[in-house]
Structure formats: C-alpha cells, structure tokens
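What you see is a predicted model; the values in this text were computed from it and never measured.
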Amino acid sequence: MAELVLPAIAPKSPFPDRLRRVIPPPEWALFEEDVEAILALKRRRNAVVLAHNYQTPEIFHGVADIVGDSLLLAREATKVDAEVIVLAGVHFMAETAKLLNPGKTVLIPDLDAGCSLAESITADDVRLMRARHPGVPVVAYVNTSVAVKAESDVCCTSGNALEIVESLGTDHVIMLPDEYLARNVAAQTKVRITAWKGHCEVHERFTAEDVRTLRDDHPGVTVLAHPECPPEVVAEADFAGSTAAMSDYVGANRPARVVLLTECSMSDNVAVSYPDIAFIRPCNLCPHMKRITLKNIRHALETNTHEVTIDPAMAERARRSVERMLAV
C-alpha cells in the first residue's frame with residue numbers, strides 16, 4: 001500500500017510550537033488559508049467564535065475566541081461584546097447562545113450538527129413526565145431543544161448538575177434527558193431522581209471493561225470519565241467530571257499518564273498545554289461535533305448562514321430556565 005505523504009508546504013505565518021504535538025506543520029499549512037480568512041472576517045464583522053472542548057485543534061486553537069464546556073460557553077455568551085456569534089459546537093449550544101443574546105446574530109455552521117440527547121426527548125415527553133409526577137420540578141440538561149427547556153423549571157450542565165438538583169430544596173426531581181448523568185448525580189445526593197432514558201452516543205459506548213483494559217495496558221494510568229458515561233464506568237474511574245473539570249484535574253494533579261473517557265478531540269486540546277503528560281487516547285468521535293469545520297465556519301461568516309432563530313414566546317420561557325441555572 002502506498003504511503004500517504006503530505007506536501008511539504010511551509011506555513012506562511014508563524015506556527016505555534018505548542019501545537020506541534022497535535023498538528024504537524026505541513027497539516028497546519030493546509031488549514032492556514034481558512035484560518036487567516038476567518039480571523040479577517042471576525043475583525044470585519046465584529047464577530048466571535050465560541051468553540052466547545054470537542055472541536056478539533058485547528059478550530060479550538062486556531063480561530064476560537066472562547067473555548068470551554070457547555071456551562072462556560074453559556075456564561076460567556078452573555079458577556080461577549082460582538083454583533084455576531086459563531087457557535088462551533090452543536091445546535092442546542094447555538095440555541096442557548098441565542099436565548100441569552102436575543103439581539104445578536106448567532107450562526108451555526110452546519111444545521112445537521114445535532115445531539116443524540118437533544119433528539120431523545122420532546123416537549124410532549126416533558127409534559128407527560130409532569131402529569132405522571134405532579135408538582136415535581138424538572139431539571140433539563142442543556143443538551144436539549146429550546147422547546148424542552150421551555151417546559152422545564154431549570155437547566156443544568158454536567159458541571160453543575162448536582163448543585164442545581166440540591167438547590168431546589170425538594171426531595172424529588174425529574175432529571176432529563178441523560179439517564180446516566182441522572183444516575184451518577186443520584187449516587188451523590190439524597191434527593192430522589194426520576195430519570196429519562198436518553199443516552200449520549202459517544203459516552204454510552206465506554207464500558208467498565210474498557211477501563212480495566214486501559215489499566216492493564218498502561219500501568220499507573222489515571223482515568224477520568226465524563227458523567228454521561230454509564231455509572232459502572234464512573235465507578236471504575238479515578239475521577240468523574242465535566243470536560244472543564246477534567247481539564248482542571250489534569251492541570252492540578254499532573255498525572256504522568258492520563259486517559260479522558262470522552263470525545264476524541266478533548267485529549268488533543270488539553271494535551272497542548274501539558275507536553276510533559278502522556279495522554280492515552282481511546283477514540284470515540286462525536287459525528288455531530290465533527291460536522292463543524294474551518295471551511296464551514298468561514299462560509300458562515302461570509303454568507304451569514306445558518307442564522308439561529310427562535311419563536312419569541314418559547315424563547316422567553318426557555319430563557320428563564322437557563323437564567324435560573326446561571327443564577328445558581
């Protein structure tokens with residue numbers, strides 16, 4: 001089989017040394033034209049790019065102005081001094097940004113960048129849950145549609161789910177749509193949690209056997225798991241937390257070897273800041289996150305596509321749920 005060799009193209013602009021671990025210089029040269037065009041378009045249009053931790057390194061480190069998990073992006077979306085927000089993430093994140101910035105233009109580069117969790121539940125399902133459990137507050141994960149948020153009492157992220165649940169001052173809550181996140185939170189609180197049976201197509205694929213195999217193959221490895229993983233995976237891990245919490249753990253504890261049980265690009269992006277740490281990379285890709293590319297970010301800024309719009313009446317109700325989360 002012939003070996004694929006990238007052309008030896010020298011980058012036009014300085015290539016940051018810290019990215020060499022995740023992007024070879026010849027590969028960067030293939031991205032460079034789009035990166036420079038996006039940077040120029042941002043200046044011209046007074047635009048910012050918000051990128052989730054699961055975006056590829058050329059987006060995360062090359063064009064993003066703000067990077068982080070869903071909670072951080074939701075918070076920072078309220079502070080940006082820009083006329084245009086491009087959300088390099090999935091559709092529910094762009095909707096959340098629009099909810100919090102109704103007067104700004106919010107763009108999602110690919111309308112098909114969805115989420116298995118958001119697609120697992122509808123507003124009708126939430127109303128059915130309320131009918132079955134009268135008076136029980138509904139906590140909606142941010143990985144939900146605006147319609148679901150509008151039917152809920154408060155939102156949460158994986159980073160603040162426990163805090164949100166306990167802030168309600170009740171002995172029973174409905175938590176949706178991620179069953180595993182709900183079960184992992186339930187293990188940490190006395191509050192009774194009724195869960196919906198939605199799963200993340202990335203995290204549900206990790207197993208406890210995977211963790212044991214990783215420990216056998218890489219003695220001494222520290223295992224960090226996202227709370228969307230099944231509870232038996234979380235039980236086998238050394239730490240469980242949101243993508244932001246996993247990144248913070250790596251920085252604070254500096255394990256010699258670490259594995260992040262979450263989407264592939266997370267390890268690439270964190271590894272840039274810690275060249276002394278060996279990152280073991282079991283790879284579960286999110287097909288929706290990977291729909292966002294430099295080329296369609298550039299196209300979004302050039303053509304103002306795809307602009308996120310939300311029915312004002314629904315937006316008002318959904319915004320309350322998100323704002324209640326941010327207030328906590």
- Message: Once rounded to the nearest 0.5 Å, what's the spacing between atom CD1 of I297 and atom CD1 of I38?
- Response: 5.0 Å
- Is there a side-chain contact between E119 and H91 (heavy atoms, below 4.5 Å)? no
- Query: Once you round to the nearest 0.5 Å, how far does CD of E95 lie from OG1 of T144?
  - Reply: 8.5 Å
- Message: I'd like to check H203 versus T262 (side-chain heavy atoms, cut-off strictly below 4.5 Å). Are they in contact?
- Response: yes
- Indicate the atoms forming the closest heavy-atom contact of I164 with V154, along with that distance. CG2-CG1, 3.7 Å
- Between N184 (side chain) and Y180 (backbone), is there a donor-acceptor pair under 3.5 Å? yes
- Task: Using atom types as modelled and distance alone, determine if a side-chain donor or acceptor of N296 lies under 3.5 Å from a backbone N or O of H299.
- Result: no
- Query: Does R257 use its side chain to pair, donor to acceptor, with the backbone of I280 at less than 3.5 Å?
  - Reply: no
- Message: If you compare all heavy atoms of I108 against all heavy atoms of A94, which two are closest, and at what distance to 0.1 Å?
- Response: CB-CB, 4.0 Å
- Message: Could you check whether any side-chain N or O of K98 sits under 3.5 Å from a backbone N or O of L107, counting only pairs where one atom can act as donor and the other as acceptor?
- Response: no
- Item | Side-chain donor or acceptor of T96 paired with backbone N/O of A74 under 3.5 Å | no
- Query: After noting the C-alpha distance and the side-chain angles of V308 and L87, does the key distance pass the side-chain contact (heavy atoms from CB on, under 4.5 Å) rule?
  - Reply: CA-CA 10 Å; V308 176; L87 205 299; over 6 Å; no
- Joint cluster assignment, V322 & L168, ILVMFWY side-chain distance < 4.5 Å: yes
- Query: Are the side chains of N143 and D178 in touch, meaning some heavy atoms are under 4.5 Å apart?
  - Reply: no
- Query: When you measure from the side chain of S265 to the backbone N and O of D268, does any donor-acceptor pair fall under 3.5 Å?
  - Reply: no
- Task: Please check if the side chain of T78 supplies one atom and the backbone of R75 the other of a donor-acceptor pair under 3.5 Å.
- Result: yes
- Message: Let me confirm one number: the CD-CD distance from E163 to Q188, rounded to the nearest 0.5 Å.
- Response: 12.0 Å
- Query: When you look at I23 and F31, which way does the side-chain contact (heavy atoms from CB on, under 4.5 Å) test go after all the steps?
  - Reply: CA-CA 10 Å; I23 305 177; F31 298 137; 4.2 Å; yes
- Report the residues that fulfil side-chain hydrogen bond (donor to acceptor under 3.5 Å, both in side chains) with K295, sequence neighbours left out, ordered by chain and then residue number. D34
- Task: Find the distance between CZ (R317) and CG (D311) and round it off to the nearest 0.5 Å.
- Result: 9.5 Å
- Message: As an exercise, state the distance from CG of L260 to CZ of R281, rounded to the nearest 0.5 Å.
- Response: 8.5 Å
- Query: If every non-hydrogen atom of P255 is compared with every non-hydrogen atom of V258, which pair is closest and at what distance?
  - Reply: CG-CB, 3.8 Å
- Query: Is there a chain of hydrophobic side chains (I, L, V, M, F, W, Y, each step under 4.5 Å between heavy atoms) that links F60 to Y274?
  - Reply: no
- Task: With side chain to side chain donor-acceptor pair (under 3.5 Å) as the test, would you mind laying out the steps for D210 and T207 before giving the verdict?
- Result: CA-CA 5 Å; D210 290 337; T207 68; 3.2 Å; yes
- Take S247 and M266 through the test side-chain contact (heavy atoms from CB on, under 4.5 Å) and record every step on the way to the result. CA-CA 9 Å; S247 181; M266 176 73 183; 4.2 Å; yes
- Exceeds 12 heavy-atom contacts within 6.0 angstrom, atom CD of E307: yes
- Query: Are V202 and L285 joined in one hydrophobic group, where the rule is that I, L, V, M, F, W and Y side chains link up if heavy atoms are under 4.5 Å apart?
  - Reply: no
- Spell out, as yes or no, whether a donor-acceptor pair under 3.5 Å connects the side chain of R205 to the backbone of E201. yes
- Message: Check for me, please, whether L117 and M289 land in the same ILVMFWY cluster - side-chain distances under 4.5 Å, paths through other members count.
- Response: yes
- Residues R43, L39; criterion side-chain contact (heavy atoms from CB on, under 4.5 Å); working and verdict: CA-CA 6 Å; R43 289 190 294 270; L39 297 179; 4.0 Å; yes
- Validation row: H199, E179 side chains within 4.5 angstrom (heavy atoms): yes
- Task: Evaluate the side-chain proximity of N304 to T105: yes if any heavy-atom separation is below 4.5 Å, no if none is.
- Result: yes
- Task: Would you check if T194 and M129 make a side-chain contact, meaning some heavy-atom pair closer than 4.5 Å?
- Result: yes
- With distance as the sole test, does K42 use its side chain to make a donor-acceptor pair with the main-chain N or O of V63 at under 3.5 Å? yes
- Task: Find out whether V136 and T170 are in side-chain contact, i.e. whether some heavy atom of one side chain is under 4.5 Å from a heavy atom of the other.
- Result: no
- Task: Decide yes or no on salt bridge (charged side-chain N to carboxylate O under 4.0 Å, His left out) for R215 and D238, but give the supporting numbers first.
- Result: CA-CA 11 Å; R215 293 195 190 279; D238 297 295; 3.2 Å; yes
- Shortest non-hydrogen contact from S152 toward A140: OG-CB, 3.3 Å
- Distance-only side-chain donor-acceptor flag, T56 / E58, under 3.5 Å: yes
- Query: Minimum heavy-atom separation for L261 to F206, with atom names?
  - Reply: C-CE1, 3.7 Å
- Message: Is there a salt bridge (charged side-chain N to carboxylate O under 4.0 Å, His left out) between E209 and R212? Walk through the geometry before answering.
- Response: CA-CA 5 Å; E209 182 59 31; R212 291 189 287 269; 3.3 Å; yes
- Given the options H226, Q55, K290, E263 meets side chain to side chain donor-acceptor pair (under 3.5 Å) only with K290
- Message: In this structure, would V185 and Y141 fall into the same cluster of hydrophobic residues linked by side-chain contacts under 4.5 Å?
- Response: yes
- What closest approach, in Å, do R319 and L99 show between heavy atoms, and which atom pair accounts for it? NE-O, 2.6 Å
- Task: Would you check if S70 and M93 make a side-chain contact, meaning some heavy-atom pair closer than 4.5 Å?
- Result: yes
- CG (D276) with more than 12 external heavy atoms under 6.0 Å: yes
- d(S273 OG, H61 NE2) to nearest 0.5 Å is 6.5 Å
- Counting only N and O atoms by type, is there a donor-acceptor contact under 3.5 Å from the side chain of D153 to the main-chain atoms of V138? yes
Please table the atom pairs, donor to acceptor, closer than 3.5 Å between any side-chain atom in residues 46-53 and protein atoms at least two apart or in another chain.
residue	atom	partner	partner atom	Å
H52	ND1	Y54	N	3.1
N53	ND2	T243	OG1	2.8

